[in-house]
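Contents: one structure, followed by commentary.
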Number of protein chains: 2
Amino acid sequence: MSMDAVFRALADPIRRQLLDSLHARNGQTLHELCVGCDITRQAVTKHLAILEAANLVVPLKQGREKLHYLNAVPIYDIAERWIGKYERHRLQALGDLKRDLERNADES
Amino acid sequence: MSMDAVFRALADPIRRQLLDSLHARNGQTLHELCVGCDITRQAVTKHLAILEAANLVVPLKQGREKLHYLNAVPIYDIAERWIGKYERHRLQALGDLKRDLERNADES
DNA sequence: TTGAAAGGCAACCAGATGGTTGCATATCAT
DNA sequence: ATGATATGCAACCATCTGGTTGCCTTTCAA
């Protein structure tokens with residue numbers, strides 16, 4: 001729920017890689033997600049716990065396996081609520097920067 | 001330049017607050033950015049260094065003052081290159097999740 | 001029923017991170 | 001010139017983070 005948890009979860013390259021992996025194929029088990037990670041299964045478990053805490057991954061126990069599903073809603077929320085306001089003024093901000101830099105160049 | 005630096009820079013709430021502050025008023029000095037931060041000026045300097053390394057903030061020395069300008073381009077890039085691909089399949093992924101959960105409910 | 005497979009849990013460890021204090025440097029204004 | 005202002009730099013410190021190893025529990029299949 002907390003936006004901070006989502007940002008911190010996205011800060012780690014391995015966690016983004018896990019999301020990418022689930023994005024490519026949803027509902028993978030822990031062992032499947034470990035393939036190509038070069039870290040131990042326990043370390044991946046910790047990463048998944050952080051992703052679950054941020055509500056980016058939804059686990060689903062099925063027998064002795066735990067399937068992991070991507071939940072892109074928090075990512076969508078970030079794009080809407082936070083990144084959106086920066087994009088809206090992107091060109092204007094770039095224009096301001098350019099103008100300020102040029103003004104400074106004139107003064108020096 | 002590196003997307004990882006941008007993600008890690010955005011992971012800290014104080015750094016996001018600094019970006020918000022610059023978004024509200026561009027070109028602030030270090031001391032101006034310290035207002036309402038509850039940490040020392042030196043700590044803010046470190047945060048700004050991380051934001052500069054991620055190219056999210058562009059500094060501009062002017063006399064004894066250092067003005068800080070927001071650069072929203074890396075944020076735009078993240079939205080385009082990374083978040084975009086998740087949003088594109090957002091509704092589909094949600095549908096998949098719902099279907100999988102319902103299938104599991106039927107089986108249990 | 002028993003071995004193998006999937007996963008959970010806890011202790012431990014090194015390095016990164018975020019903060020502090022103290023002092024130095026540069027620039028402006030009087 | 002000189003004090004005040006704005007910033008830089010370095011040492012230090014506590015905590016967080018990401019990783020490991022070791023062992024336990026649960027579940028499936030032969």
Side-chain angles (χ1 to χ4, degrees), chain A residues 2-22 25-54 56-70 100 104 107-108, chain B residues 2-22 25-54 56-70 100 104 107-108:
Chain A
S2 130
M3 198 146 87
D4 188 62
V6 179
F7 271 110
R8 275 189 286 105
L10 294 180
D12 188 278
I14 290 187
R15 288 195 286 270
R16 293 197 301 275
Q17 175 188 320
L18 287 172
L19 292 180
D20 285 341
S21 180
L22 289 180
R25 187 163 61 87
N26 215 4
Q28 294 185 61
T29 69
L30 171 58
H31 273 270
E32 286 170 336
L33 287 169
C34 281
V35 175
C37 252
D38 274 0
I39 56 177
T40 60
R41 169 183 57 84
Q42 287 87 340
V44 176
T45 299
K46 289 188 183 181
H47 283 298
L48 287 172
I50 293 175
L51 290 170
E52 290 172 22
L56 286 164
V57 162
V58 179
L60 190 56
K61 284 211 79 172
Q62 209 152 41
R64 69 176 157 182
E65 292 184 332
K66 184 178 178 186
L67 307 182
H68 298 84
Y69 291 89
L70 172 67
D100 287 326
N104 182 62
E107 286 174 355
S108 63
Chain B
S2 129
M3 198 146 87
D4 189 62
V6 179
F7 271 109
R8 276 189 287 105
L10 294 180
D12 189 277
I14 291 187
R15 289 195 287 269
R16 293 197 302 275
Q17 175 188 321
L18 288 171
L19 292 180
D20 284 342
S21 180
L22 288 180
R25 188 163 60 87
N26 215 3
Q28 295 185 61
T29 69
L30 170 59
H31 273 269
E32 286 170 335
L33 287 170
C34 281
V35 175
C37 252
D38 273 0
I39 56 177
T40 60
R41 170 184 57 83
Q42 286 88 337
V44 176
T45 299
K46 289 189 182 181
H47 283 299
L48 287 172
I50 292 174
L51 289 170
E52 290 172 23
L56 285 163
V57 162
V58 179
L60 190 56
K61 283 212 79 172
Q62 208 150 43
R64 68 178 158 181
E65 292 184 332
K66 185 177 177 186
L67 307 182
H68 298 83
Y69 291 89
L70 172 67
D100 288 325
N104 182 62
E107 288 172 354
S108 63

Heavy-atom protein contacts under 4.0 Å, nucleotides 18-30 of chain C, coded B base, S sugar-phosphate only, - none: SBBBB----BB--
Expressed as a whole number of angstroms, how long is the span from [X]:[atom1] to [N]:[atom2]?
| X | N | atom1 | atom2 | answer |
| --- | --- | --- | --- | --- |
| A/Leu67 | D/dT27 | CG | P | 14 Å |
| B/Leu51 | C/dT17 | CG | P | 14 Å |
| A/Glu32 | C/dA5 | CD | P | 15 Å |
| B/Glu52 | D/dT7 | CD | P | 12 Å |
| A/Phe7 | D/dC16 | CZ | C1' | 20 Å |

Any pair counted as side-chain hydrogen bond (donor to acceptor under 3.5 Å, both in side chains), so long as it reaches residues 41-50 of chain A, sequence neighbours left out: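 For residues 41-50 of chain A: A/Arg15-A/His47.
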Contact under 4.0 Å: A/His31 side-chain N or O vs C/dA5 OP1/OP2: no
Under a 4.5 Å cut-off applied to non-hydrogen side-chain atoms, are [X] and [Y] in contact?
| X | Y | value |
| --- | --- | --- |
| B/Asp4 | A/Arg16 | yes |
| A/Ile14 | A/Val44 | no |
| A/His31 | A/Glu65 | no |

Closest approach of A/Phe7 to B/Leu10 (non-hydrogen atoms, all atoms of both residues): CD2-O, 3.6 Å
Side chain to side chain contact (heavy atoms under 4.5 Å, CB included) partners of B/Gln28, counting only residues at least two apart: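 Counting only residues at least two positions away or on another chain, B/Gln28 forms a side chain to side chain contact (heavy atoms under 4.5 Å, CB included) with B/Ser21, B/Leu22, B/Arg25, B/Glu32, B/Leu33.
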